[in-house]
Amino acid sequence: MKFINKTVIVTGAGNGIGQGVALAYRREGANVVVADWDDSNFAALEAKGLDCLQINVQEEADIQRLLEQTIEKYGQVDILINNAGVSVFKPLFELTLDEWDRVINTNVRSVFLATKEAAKYMKNNETGGAVVNMASTRSMMSEVNSEAYAASKGGIVSLTHALALSLADYHITVNCISPGWIETNEKAELREVDHHQHPSRRVGTVADIAKACLYLTDPENNFVNGENITVDGGMTKKMIYEE
Ligand code: ADP
């Protein structure tokens with residue numbers, strides 16, 4: 001129970017990976033604040049002892065409200081998991097500027113905003129803080145029709161480097177995770193080909209990602225900084241031969 005008395009904010013924790021990460025911190029004894037614009041699972045999460053706040057992570061005022069309410073209730077924030085995200089996969093010539101902006105703003109601008117606002121408080125903590133950003137294996141390898149998503153996830157990796165340097169003096173670490181295909185409630189049945197894309201011959205679980213978050217935010221591991229941890233069963237290391 002390393003995370004007792006720690007306060008953790010997880011964005012995009014109303015569903016999927018974020019929800020699993022939020023519940024993992026709660027099981028470790030942390031105070032957990034879930035921030036999502038989808039409130040459909042809030043009642044169930046509140047019943048498990050998590051706080052929930054409906055916000056749009058693209059909006060500065062919403063992020064400030066998230067931090068203010070967290071500080072008001074718990075007095076400090078120790079860990080921020082920037083997980084909220086969207087994807088649009090469309091042919092290049094059909095991708096509109098609005099769609100591009102929506103993906104970039106949800107996935108990257110939100111990381112800048114939330115980390116900046118959270119770090120204002122974290123830097124006063126005696127024990128500093130830790131930030132984890134959800135990148136993607138799509139920051140390293142691409143597929144057709146993925147311009148906005150690829151740029152957003154690549155942006156998260158570079159933003160992680162910059163933030164790690166800017167916040168190091170305050171004992172705040174900033175790392176990111178690049179998941180492979182992850183099975184969630186929403187994506188319960190991933191295709192066989194998704195399983196076989198990973199040399200591990202399985203898709204990932206929410207627990208695989210939650211464990212990486214716990215590792216990166218454990219103060220004992222604070223020499224790991226600015227890193228992108230790939231949790232993908234070896235997928236990005238696989239060479240493909242076309243016969
Ligand atoms: P994954 O399978 O990676 O977990 P999801 O789409 O289930 O993917 O998770 C992304 C989460 O981010 C969702 O819960 C979604 O509601 C949330 N989200 C997306 N955009 C925003 C936004 N602008 N503000 C707040 N939450 C958002």
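If you read the sequence from its start, that first residue is 1, and numbering goes on from there. Atoms within a ligand are numbered from 1 in the order they appear, just like the ligands themselves.
Residue-to-ligand polar distances place V57 within reach of ligand 1: an N/O pair is separated by less than 3.5 Å.
Side-chain contact between V57 and T106 is present, with heavy atoms from C-beta onward closer than 4.5 Å.
Considering N82, N175, N107, N228 in turn, N82 is the only one that fulfils the side-chain hydrogen bond (donor to acceptor under 3.5 Å, both in side chains) rule with N133.
Close approach of ligand 1 to N56 (heavy-atom distance below 4.0 Å) involves ligand atoms 22 (C), 23 (N), 24 (N). Short contacts between ligand 1 and G16, defined as distances under 4.0 Å to a heavy atom of the residue, involve ligand atoms 4 (O). Those atoms of ligand 1 that come under 4.0 Å of a heavy atom in N15, given as number and element, are 7 (O), 13 (C), 14 (O), 16 (O). Interface of I17 with ligand 1, defined as ligand atoms under 4.0 Å from a residue heavy atom, comprises 3 (O), 4 (O).
One finds no salt bridge joining K2 and E28 here, because no Lys/Arg side-chain nitrogen approaches an Asp/Glu carboxylate oxygen to under 4.0 Å. D218 has no carboxylate O lying under 4.0 Å from a charged side-chain N of K6, or vice versa, which leaves the two without a salt bridge. Between E68 and R65 there is no salt bridge, since no side-chain nitrogen of the basic residue lies less than 4.0 Å from a carboxylate oxygen of the acidic one.
Between the side chain of Y25 and the main chain of T7, no donor-acceptor pair closer than 3.5 Å is present. Side-chain atoms of T205 come within 3.5 Å of backbone atoms of D208 as a donor-acceptor pair (strictly under, hydrogens ignored).
For atom 9 (O) of ligand 1, the closest non-hydrogen atom on the protein side is G12 O, 4.5 Å. Regarding atom 8 (O) of ligand 1, its nearest protein heavy-atom neighbour is K187 NZ, 4.1 Å. The single protein non-hydrogen atom nearest to atom 18 (N) of ligand 1 is W37 NE1, 3.8 Å, given as residue, atom name and distance. The protein heavy atom nearest to atom 6 (O) of ligand 1 is G85 O, 4.3 Å.
A donor-acceptor contact closer than 3.5 angstrom is absent between the side chains of T127 and N125. Under 3.5 Å, the side chains of Q76 and D78 contain a donor-acceptor pair of N or O atoms.
Contacts between T106 and ligand 1, counted as non-hydrogen atom pairs separated by less than 4.0 Å, involve the side chain only. Only the side chain of E186 comes within 4.0 Å of ligand 1, counting heavy atoms alone; its backbone N, CA, C and O stay farther away. Heavy atoms of M134 found under 4.0 angstrom from ligand 1: none, in either backbone or side chain.
Atom CG of L45 and atom CG of L50 lie 5.5 Å apart (nearest 0.5 Å).
Protein heavy atoms are found less than 4.0 angstrom from atom 3 (O) of ligand 1.
Of the listed options V10, I55, V86, I55 places a heavy atom closest to atom 25 (C) of ligand 1. Of the candidates V34, D38, T184, D36, D36 brings a heavy atom nearest to atom 15 (C) of ligand 1.
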